[in-house]
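Each remark here refers to the structure printed beneath this line.
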Amino acid sequence: MIDYTTLQDAELASLLRDGDHRAYTEIYLRFTPVLHAHAYAKLHDRDDAKDVVQELFSALWVKRESLVFHSSLTGYLYTSLRNRILNVIAHKKVESEHLTSLQQFMNKGQAITDHLLRRKQLAELIEKEVANLPPKMQEIFILSRNRQLSHREIAEKLDISEKTVKNQINNALKILRARLGLGVYIILVLFY
Amino acid sequence: MQRVKAKELLQKYNKGQCTEEEIALIESWYLDFRQKPPVELSEEERIADIEDICARLRSLSMPRSSLIPFWKRTAAAAAILIIAGLGLWLYHSFLKTPQYVVFTEDIGPGSNKAILTLADGARISLTETKSGKVAKQPGVVISKTSDGRLIYKVNDMSSSERAAATATLYNTIETPRGGQFQVILPDGTAVWLNAASKLTFPVNFSDVERQVEMTGEAYFEVATKEKNKRSSRSGSTHREKIPFLVKSGGQKVEVLATRFNINAYADEPAIKTTLLEGAVRVTNDDARRQLAAGSVLLKPGEQSLFSGSLRVVSADTEEAISWKSGFFKFNDEKIESIMRKLSRWYDISVTYEGDVPNEEYNGKVPRYENISQVLKILAKTKTVRFKAEGRRITVMK
């Protein structure tokens, strides 16, 4: 029994690259609520928010084979979403609130020069939205974040070497992939 | 004035043209700017929007039951729905006929192939010649370099050649399907020819203007050429640039020194001229179609489309010259357009069976792989299938 909700982001990304629809679905379930909430918070328009999230996920599927996650799955999703939102803002004809705000920031704002710090703050900003989500959506996201332990942390917890952890995870992935190729079998996904 | 700066900066950012500091500025502003909407969305509204996105994704190039509606009231209902959904999807994937047919003999990519036709009609295959001197024409020596390019080097003409040179002599380089070639013209202009293309040019460029003709697709890096011009009034001389003109299928492109790509295949709907650097003027040169006679001036990053009348759009320059960089790049491209590109490079014929997929594809695949690799990537979207018999590819839904 494979429970995709227990897979880490990196594992989902790897399966996605192989064209695994269930990995794609799990990514969708995990991230759409916070991404959509963030998009709505920035754009204030339900249609715009839906468009950017839809295009993000559409591109994620179509480009899955050629995607290289320089940072991580979340890094890719969050920066891609931000860039799409900035694109919408840049093309808005009547809106001037954002231009005024940007101009003020250009005059006296404090730019963060460390791009890693900016990336970290972007993740925090987006994940902050989870507090506004309905309980069921909250749970799915929070649980998945709690499970994002690094190999080192898992190794420490289980008192085994990091390499063993890595091998075990890779083996599990191999078995998963092999199973996906075999005949029809039903997967029970528990939804709590 | 102030407003313009902010808008310009945003546009620069979206085009990827910002400096490190400008990027830091925009991204930091983004973190600060506008954190909350005036009214928070309710739970029902959120679910409705997210399911709407799901439905739209499903209707694009997505497999039918892979995105499942969720957040139903009872757990039991949720479990049953999921199993049913997955079951349906699994049935589709595994019990349907295989999505992709394996080639018995794969088809390799194109290579450096071309034929040179001299002024007197003599044809030389550039593919087979070794590097070194290939031919001689009045005023030039033509050689092939060790890396496979053709170079025209200007030579002093002998007196007998000068006497014979009453008319302009032309040479032609033609690439077959599955071929490509690069040539350096007598004035130093570098031209890359894609598959199934032809370039005709004078052996000696005149002082007035440099004019060439082409069909198919070519990328130009035009060298600056100047001449001394004597002002009739003051008697002093100054340097004047000699323009470079490219004629193709009813359009004329006028260039001073620049880098641009022209896509003028007869089986494409419009002639696409994409400017990377410099400035060009594109003119409707077709004597037959003076419906919207006129010309446009292109700036870098712009592209003109000519099909009777001239239109300018902004372009993805990476896509326009991806062929020269060794890739196929597709931006919201339909399958017919993709197959036309593939057929020229792999020298295959394409037929369609049944419904033609209506999807728009995005992606980047290397050009120097066998065709099976490219088709495999397309087939993985599960919106199209291919069958290969020798050099004939059939496209199906």
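What you are looking at is a predicted structure, and each value in this text was computed from that prediction instead of being measured. Every chain is numbered from 1 and lettered A, B, ... according to where its sequence line falls, protein lines coming before strand lines.
For the pair Asp32(B) and Gln110(A), the minimum side-chain heavy-atom distance is 4.5 Å or more. Considering only heavy atoms from C-beta on, Ser28(B) comes within 4.5 Å of Arg118(A) through its side chain. By the 4.5 Å heavy-atom criterion applied to side chains, Glu51(B) and Thr32(A) are not counted as neighbours. In this structure, Leu25(B) and Phe105(A) have side chains that are in contact, with non-hydrogen atoms separated by less than 4.5 Å. Looking only at side-chain heavy atoms (C-beta outward), Asp49(B) and Tyr40(A) stay at 4.5 Å or farther from each other. Ile53(B) is not listed as a side-chain neighbour of Phe57(A), based on a closest heavy-atom distance of 4.5 Å or more. Considering only heavy atoms from C-beta on, Phe33(B) comes within 4.5 Å of Ile89(A) through its side chain. Counting heavy atoms from C-beta outward, Leu41(B) and His36(A) have side chains that approach closer than 4.5 Å.
Contact record, Ser101(A) with Trp29(B): OG-NE1, 2.8 Å, taken as the closest heavy-atom pair. The two residues Tyr13(B) and Asn83(A) come nearest to each other via the heavy atoms OH-OD1, 3.2 Å.
Proximity of a side-chain donor or acceptor of Tyr30(B) to a complementary backbone N or O of Leu122(A) within less than 3.5 Å is not detected.
Interface residue Glu45(B): backbone and side-chain heavy atoms are both found under 4.5 Å from chain A. Neither the backbone nor the side chain of Leu117(A) comes within contact range of chain B; no heavy atom of the residue lies under 4.5 Å from a heavy atom of that chain. Both the backbone and the side chain of Leu86(A) have a heavy atom closer than 4.5 Å to some heavy atom of chain B. Heavy atoms closer than 4.5 Å to chain A are found in both the backbone and the side chain of Asn362(B). Heavy atoms of Asn14(B) lying under 4.5 Å from chain A belong exclusively to its side chain. Residue contact with chain A, scored on non-hydrogen atoms closer than 4.5 Å, is absent for Val365(B).
Top candidate by heavy-atom pairs under 4.5 Å with chain A, chosen from Glu21(B), Glu27(B), Glu43(B), is Glu27(B). No other option in Ile85(A), Thr113(A), Leu133(A) has as many heavy-atom pairs under 4.5 Å with chain B as Ile85(A). The candidate from Gln121(A), Met106(A), His115(A), Arg82(A) with the greatest count of non-hydrogen atom pairs under 4.5 Å with chain B is Arg82(A). Contact count versus chain B (heavy atoms, under 4.5 Å) is highest, among Asp45(A), Asn87(A), Asp51(A), Leu102(A), for Leu102(A). Among the candidates Val39(B), Leu31(B), Leu10(B), the residue making the largest number of heavy-atom pairs closer than 4.5 Å to chain A is Leu31(B).
Remark: Arg340(B) CZ is packed, more than 12 non-hydrogen atoms of other residues, nucleotides or ligands lying under 6.0 Å away.
Looking at residues two or more places apart in sequence or on another chain, you find a side chain to side chain donor-acceptor pair (under 3.5 Å) between Glu318(B) and Lys364(B).
Atom CZ of residue Arg46(B) and atom CZ of residue Arg46(A) lie 10.0 Å apart, to the nearest 0.5 angstrom.
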